[in-house]
Amino acid sequence: MVAVLALALAPACLAAGSSPYTSAPYSVSTNRYAFGQAPMFMPDGRRIVFGKDFKKGDGAQVYMARRDGSRLRCLTCGQPAPNNVPAPRPQGDWILFHSWRGHYFTIGSPGYGGLGSSLYVMRPDGSHVTKLTGTDAAHGSGEGEDDYHAYWSPDGRRLVYTHLNWNFVNDGGQGKWDVRVADFVNDGRHPPRLANVRVVRPANGHWYETQWWKPDGSGFLYTETWGHAMDTELFFCRLTARGCRSTQLTDNPSWNEQAIFTPDGKDVIFMSSRDSPGFFNTWSNLTRAAGLTADEDWLLTLPVFEAAFLQPVAEETTDLYLLDPRLGSVRRLTRDGRDGWIVPEFTWDPAGRELWFTQNRLPPGARVGLPLDPVKELREAASMLRSPPTPDASKLLVGDVALPVEQRTRVLRFKLPRARRAP
């Protein structure tokens with residue numbers, strides 16, 4: 001039976017001793033090259049893998065480049081698109097990625113959530129592409145299923161990922177999510193595969209999204225709608241023989257989602273909309289007041305998310321925060337949300353000194369944010385009309401607002417005492 005611990009117990013469960021990241025000075029700058037939404041470093045620290053659609057007819061594909069964007073090469077071009085959200089194995093010998101190939105019923109985007117995504121691995125040169133999930137109805141994403149937000153354990157021996165199952169024909173699907181951990185088997189004689197696939201958080205109607213592992217491999221962070229309808233909160237799953245021993249880390253009616261430990265494993269950096277009033281924050285407060293539960297979120301997640309993000313009216317924006325679980329204190333790290341930016345996935349460089357993330361936003365003149373500032377909105381709209389953006393024709397096919405999404409890659413650098421830097 002899974003025990004969900006009170007927030008007040010987090011200090012005893014997660015961390016001991018002080019962390020230099022809690023109060024360390026830092027700077028934030030914009031990288032000269034904009035990667036895709038979820039860039040990740042190869043173990044050498046010089047190369048970055050990412051998924052992106054360059055709008056040249058290839059669709060979303062997996063690329064590798066240097067930090068400055070040089071030596072760009074495509075690893076999956078020529079294969080059925082879209083392919084996205086790559087994650088290098090810590091050993092550097094395999095790259096995990098998410099793909100829709102072979103599926104007819106698809107929604108959203110592979111790796112970010114929706115329907116139709118399966119997990120694959122390939123060598124760093126793009127060869128030996130091997131499917132990991134969807135190979136049998138009981139343990140993978142068949143038609144109407146989705147495996148997404150997969151992360152390697154620090155030793156590269158396990159994967160954690162979120163699974164959604166609408167496959168009621170062959171796999172008893174009920175449209176609900178669960179969280180799975182699997183062993184990565186790579187014996188050198190056979191193609192790699194997943195074994196010992198187990199569900200560690202149940203399909204209870206709540207929305208899930210898996211996040212990064214703790215550096216010691218004892219468990220991982222995840223997001224779950226909890227307590228009230230579409231109230232996304234952050235948890236830590238300490239793995240046990242019976243599944244998760246879960247610790248709730250946040251309790252705030254806002255969008256709390258992406259999360260990663262600091263390299264010393266003591267603090268947690270996460271994304272939240274808590275200081276950005278918009279549709280989702282308004283919804284979360286209303287559901288709390290009305291007493292609606294999270295049990296029906298399997299029906300609410302898609303429409304609420306579509307209404308809150310990357311649409312022009314009262315769009316939700318997010319920033320980065322640092323949580324000290326010992327004290328329960330939260331430190332705001334960025335203030336880009338006030339300019340319309342959304343922080344999605346993020347990653348450490350191998351040295352553990354720089355946090356890299358690619359932000360997205362709609363053109364400022366196309367947004368009407370909250371709190372409403374009529375003078376600012378009119379000024380931005382006039383500027384956009386003078387130089388209107390080119391519509392994104394690909395969005396017309398799925399019914400989204402055909403506005404181009406701006407992207408930039410940001411680097412947050414911590415200045416740590418030399419003797420206390422994480423290895």
Using a strict cut-off of less than 4.0 Å between a Lys/Arg side-chain nitrogen and an Asp/Glu carboxylate oxygen, indicate whether [X] and [Y] qualify as a salt bridge.
X    : Y    : result
D264 : K266 : no
D178 : R180 : yes
D339 : R361 : no
R408 : D336 : yes
D68  : R66  : no
R67  : E354 : yes
D275 : R332 : yes

Is the NZ or CZ atom of [X] both under 6.0 Å from the centre of the six-membered ring of [Y] and within 45° of that ring's axis?
X    : Y    : value
R274 : Y321 : yes
R158 : F220 : no
R410 : W356 : no

Discussion item. Are the side chains of C74 and D58 in contact, using a 4.5 Å heavy-atom criterion?
Written reply: no

Fill in: Any N84 side-chain heavy atom under 4.5 Å of F97 side chain
no

Worksheet item: Any idea which heavy atoms bring F261 and W213 closest together, and the distance?
Response: CD1-O, 3.8 Å

Fill in: Listed partners of W152 passing side chain to side chain donor-acceptor pair (under 3.5 Å), at least two apart
none

Fill in: Short side-chain to backbone donor-acceptor contact, Q37 and P39, under 3.5 Å
no

Practice prompt. Using modelled atom types only, decide if a donor and an acceptor are shared between the side chain of H228 and the backbone of L292 within a distance under 3.5 Å.
Written response: no

Between [X] and [Y], do the side chains contain an N or O donor and an N or O acceptor separated by less than 3.5 Å?
X    : Y    : value
W255 : E257 : yes
T225 : D297 : yes
D295 : H206 : yes
Y222 : W212 : no
S118 : D147 : no
N256 : T232 : no
Q407 : T358 : no

Discussion item. Checking ring-ring contact (aromatic ring centres under 6.0 Å, His included) between F35 and each of F50, F346, F41, F357, which is the one that passes?
Written reply: F50

Worksheet entry | Aromatic contact, H103 with F105 (centres under 6.0 Å) | no

Worksheet item: How about F235 and W226: are their ring centroids closer than 6.0 Å?
Response: yes

Practice prompt. Only pairs at least two apart or in different chains count here, so list each salt bridge (Lys or Arg N to Asp or Glu O under 4.0 Å) that has a residue in residues 75-93.
Written response: R89-D93

